[in-house]
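For reference, the structure discussed in these notes is given below.
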Amino acid sequence: MSRPLSLNQATTKYWTLAETVRGCVDAGIPALGVWRDRLTEIGVDKAKRLLDETGVVVTSLCRGGFFTAPDGSVEDNRRAVEECAAIDCPVLVLVCGGLPDGSRDLVGARARVRDGIAALAPYAAERGVRLAIEPMHPMFCSDRGVISTLGQSIDLAAEFPAEQVGVVVDSYHIWWDPEVERQIARAAGRISLVQVSDWVTPLPAGALLGRGHVGDGHIDNRRLVDAAYAAGYHGYVEVEIFNEEIWSAPGEQTVATVVERHRQAFG
């Protein structure tokens, strides 16, 4: 495909890493976005052997960040970088963190994110890992991500060398932004990862699990992905879905739907 597919492990949440890798191989999916909890279960050495044996490429590791936590998550972020390097993953996705408990200091929280990235970026670069700032939909500003737009992410990333810090273009979080296409073009040279899903309404309580298969909702994923490629991105399109109904379906069924919808949208 002109837009090669990667399966983010969150989409098959109840599969182990080994099961997800096998599902990718069986479905002809060449690449995988890994989550750290599943990586920890199997261990990095065993995971590396499994990936090498199957030839499945790792497109991202989720997640680092949460720089607004009381300790700034320094040690955990360094471990995340080391895990990336151990499985030859080039991109560590940063979910930057929300407001500290009881805080209304949004400006201060964003400053802490900047400081956290500044401290982590050289450490990651030494290990061949690029940090990727993921803007979160504004509804998650209080608890998950004080970086709310792609433009903010680009501005922050631009303070660092491009090879050290890039951005994530995740359609779920940025599709609503009237500036989105201009900002994607502006992100040229900084796009580390493209992720897609769909915005399905009505959203469940909290909205975190409101993502659907591509084509089931309101997002023009083709337009956003084409914009990323026009900006010079040449990597995989990673499908990342948080949805309890999809998680509860047989993994093979979910993977088959992911492949078919990808062909329909991007083939």
Side-chain angles (χ1 to χ4, degrees), residues 6 8 33-36 58-69 71-98 106-137 140-141 144-171 173-174 177 179-180 182-195 224 227-229 231-238 240:
S6 175
N8 187 283
V34 174
W35 276 72
R36 294 180 65 200
V58 180
T59 50
S60 70
L61 183 67
C62 293
R63 60 195 181 201
F66 286 92
F67 300 108
T68 58
D71 63 354
S73 299
V74 174
E75 292 306 317
D76 187 61
N77 276 311
R78 288 191 171 192
R79 282 195 298 272
V81 166
E82 291 160 5
E83 290 164 4
C84 270
I87 59 172
D88 293 333
C89 174
V91 173
L92 176 63
V93 174
L94 299 180
V95 176
C96 291
L106 187 55
V107 172
R110 287 172 173 155
R112 290 181 66 177
V113 169
R114 192 268 172 207
D115 291 345
I117 292 173
L120 185 63
Y123 186 83
E126 289 172 0
R127 289 153 183 81
V129 175
R130 191 187 201 191
L131 306 180
I133 303 168
E134 181 171 17
M136 306 290 285
H137 190 283
F140 300 117
C141 187
R144 286 186 175 83
V146 295
I147 306 302
S148 301
T149 68
L150 183 57
Q152 280 181 297
S153 297
I154 297 166
D155 289 344
L156 182 53
E159 298 187 35
F160 307 95
E163 65 273 14
Q164 292 187 12
V165 182
V167 299
V168 179
V169 172
D170 184 333
S171 65
H173 290 298
I174 65 174
D177 186 349
E179 289 284 303
V180 65
R182 186 177 76 83
Q183 295 299 336
I184 291 173
R186 186 173 157 245
R190 294 277 180 178
I191 303 175
S192 301
L193 181 67
V194 170
Q195 293 181 324
L224 299 180
Y229 275 79
Y233 180 75
H234 299 296
Y236 292 83
V237 176
E238 196 176 276
E240 182 185 54

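Because the structure is a prediction, the values reported are computed rather than measured.
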To check you understand the geometry: which heavy-atom pair defines the closest contact between Val129 and Cys89, and what is its length? CG2-O, 4.0 Å
Pair Gln183-Thr149, side-chain donor/acceptor within less than 3.5 Å: no
For His173 and Ser171, indicate whether the former's side chain and the latter's backbone hold a donor-acceptor pair under 3.5 Å. no
Counting only N and O atoms by type, is there a donor-acceptor contact under 3.5 Å from the side chain of Asn77 to the main-chain atoms of Gly65? yes
Taking atom types as modelled, is there a side-chain donor on Tyr123 or Glu82 under 3.5 Å from an acceptor on the other? yes
Report the C-alpha separation of Val169 and Ile174 in whole Å, then their side-chain angles, then the decisive distance to 0.1 Å, and conclude whether the side-chain contact (heavy atoms from CB on, under 4.5 Å) test is met. CA-CA 8 Å; Val169 172; Ile174 65 174; 3.7 Å; yes
Does a donor on one side chain sit under 3.5 Å from an acceptor on the other, for Ser192 and Arg130? yes
Could you pull out the closest heavy-atom pair between Trp35 and Leu61, with the gap in Å? C-CD1, 4.3 Å
Ignoring hydrogens and angles, tell me if any N or O in the side chain of Gln152 forms a donor-acceptor pair with the backbone of Ser148 under 3.5 Å. yes
Quick one: does any side-chain atom of Arg110 pair with a main-chain N or O of Val146 as donor and acceptor, under 3.5 Å? yes
Decide yes or no on salt bridge (Lys or Arg N to Asp or Glu O under 4.0 Å) for Arg63 and Asp76, but give the supporting numbers first. CA-CA 10 Å; Arg63 60 195 181 201; Asp76 187 61; over 6 Å; no
In Å, rounded to the nearest 0.5 Å, how long is the span from CG of Leu131 to CG of Leu94? 5.0 Å
Take Ser60 and Glu238 through the test side-chain contact (heavy atoms from CB on, under 4.5 Å) and record every step on the way to the result. CA-CA 9 Å; Ser60 70; Glu238 196 176 276; 2.9 Å; yes
How far apart are the C-alpha atoms of Met136 and Ile147, what are their side-chain angles, what is the distance that settles it, and do they pass the side-chain contact (heavy atoms from CB on, under 4.5 Å) test? CA-CA 6 Å; Met136 306 290 285; Ile147 306 302; over 6 Å; no
Without swapping roles, check the side chain of Arg190 against the backbone of Ala157 for a donor-acceptor pair under 3.5 Å. yes
Value rounded to 0.5 Å, distance of CD1 in Ile117 from CZ in Phe67: 5.0 Å
Which pair of heavy atoms, one from Val168 and one from Ala132, lies closest together, and at what distance? CG2-CB, 3.6 Å
Do Tyr229 side-chain atoms and Gly235 backbone N/O form a donor-acceptor pair below 3.5 Å? yes
Identify which one of Leu150, Val167, Val194 satisfies the side chain to side chain contact (heavy atoms under 4.5 Å, CB included) criterion when paired with Ile184. Leu150
Without swapping roles, check the side chain of Arg144 against the backbone of Val95 for a donor-acceptor pair under 3.5 Å. no
What is the minimum heavy-atom distance between Gly33 and Ser6, and which atoms define it? N-OG, 3.6 Å
Give the intermediate values and the outcome of salt bridge (Lys or Arg N to Asp or Glu O under 4.0 Å) for residues Arg114 and Asp155. CA-CA 11 Å; Arg114 192 268 172 207; Asp155 289 344; over 6 Å; no
